[in-house]
Amino acid sequence: AAHVVVIGWFDRHWLSGYRHLEALGKLDTVRTLPFPIDTRVLSPAPRDGRWPTPELQACLERFDLVTFYPSRQLFTKEGKLLDGMTANDPGKRNDVFYRALARARHQGLNVGAVIVDKASPDTPVAKRMIEDLGLQSAVIWIPAMPRLELIDWYRSADLVVDCFGGGAPG
């Protein structure tokens, strides 16, 4: 059977495209390759102690394992957790990451999270959950910034985190 390969599937038209393919009965022919990256730019940064910003340096010196979470906060609707697994419910399931981070910290791992504050509707919910899980000292919020300024954060992190459900753009 022929397959349709979609690169960068999650753009502003992703849901309408998904529904269109679903209506045609063609979802089983779609293979996605979302967000291909340029590894010449987004390769691990050398750990030579020279960092572009004091904030980044402080973060890297503070934790043994640094996770970078540039995704927007999208995991509730009308006060309930989204399952993130359907087109009608495209949550990012950020809560899964926060619970895993809390578990790792409680097991003694010196792991921290750098989260980009995109002022998403669920940002206050995320901050409350982080507080409830006792993660305030393990989380650093940085302001949203142009993509080019985020490159150093991507390159310096040990792990880049996105979504734990079916996914949603941004």
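Quick note: numbers below take in every heavy atom, side chains included, and nothing from hydrogens, waters or symmetry partners. Starting from 1, each residue takes its place in the sequence as its number.
- The shortest side-chain heavy-atom distance between Leu159 and Phe68 does not fall under the 4.5 Å cut-off.
- Atom CG of Leu65 and atom CG of Asp158 lie 4.5 Å apart (nearest 0.5 Å).
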TODO: Could you please spell out the steps behind the side chain to side chain contact (heavy atoms under 4.5 Å, CB included) verdict for Met145 and Leu150?
DONE: CA-CA 7 Å; Met145 58 189 77; Leu150 289 172; 3.5 Å; yes

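- In this structure, the separation between CG on Asn110 and CZ on Phe63 is 6.5 Å, given to the nearest 0.5 Å.
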Open item on the list: The test is side chain to side chain contact (heavy atoms under 4.5 Å, CB included); show your working for Val111 and Asp64 and say whether it passes.
Closed with: CA-CA 6 Å; Val111 59; Asp64 296 331; over 6 Å; no

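- Remark: Met129 CE to Asp122 CG distance equals 9.5 Å, nearest 0.5 Å.
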Open item on the list: Between Arg105 and Ser137, does the side chain to side chain contact (heavy atoms under 4.5 Å, CB included) criterion hold? Intermediate values first, please.
Closed with: CA-CA 10 Å; Arg105 298 274 304 174; Ser137 66; 3.7 Å; yes

- [ ] List the steps and the verdict of side chain to side chain contact (heavy atoms under 4.5 Å, CB included) for Ile130 and Ile115.
- [x] CA-CA 11 Å; Ile130 287 165; Ile115 304 170; 3.9 Å; yes

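- You'll find the side chain of Gln107 stays beyond 4.5 Å of the side chain of Leu109, heavy atoms only.
- Ring-plane geometry between Phe97 and Tyr69 is classed as perpendicular, the angle between the planes exceeding 60 degrees on a 0 to 90 degree scale with a lower cut at 30.
- Side-chain contact between Tyr154 and Pro70 is present, with heavy atoms from C-beta onward closer than 4.5 Å.
- By the 4.5 Å heavy-atom criterion applied to side chains, Arg62 and Ile140 are counted as neighbours.
- In this structure, NE2 in His106 is found 6.5 Å from CG in Leu135, a value given to the nearest 0.5 Å.
- With rounding to the nearest 0.5 Å, the separation of CG in Asp117 from OG1 in Thr123 is 5.0 Å.
- Between atom CG of residue Asn94 and atom OG of residue Ser120 there is a gap of 8.0 Å, rounded to the nearest 0.5 Å.
- Taking the side chain as every heavy atom from C-beta outward, Ser156 and Val66 never approach each other to under 4.5 Å.
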- [ ] Show your reasoning for whether salt bridge (Lys or Arg N to Asp or Glu O under 4.0 Å) applies to Arg99 and Asp95.
- [x] CA-CA 6 Å; Arg99 287 187 180 90; Asp95 58 301; 2.8 Å; yes

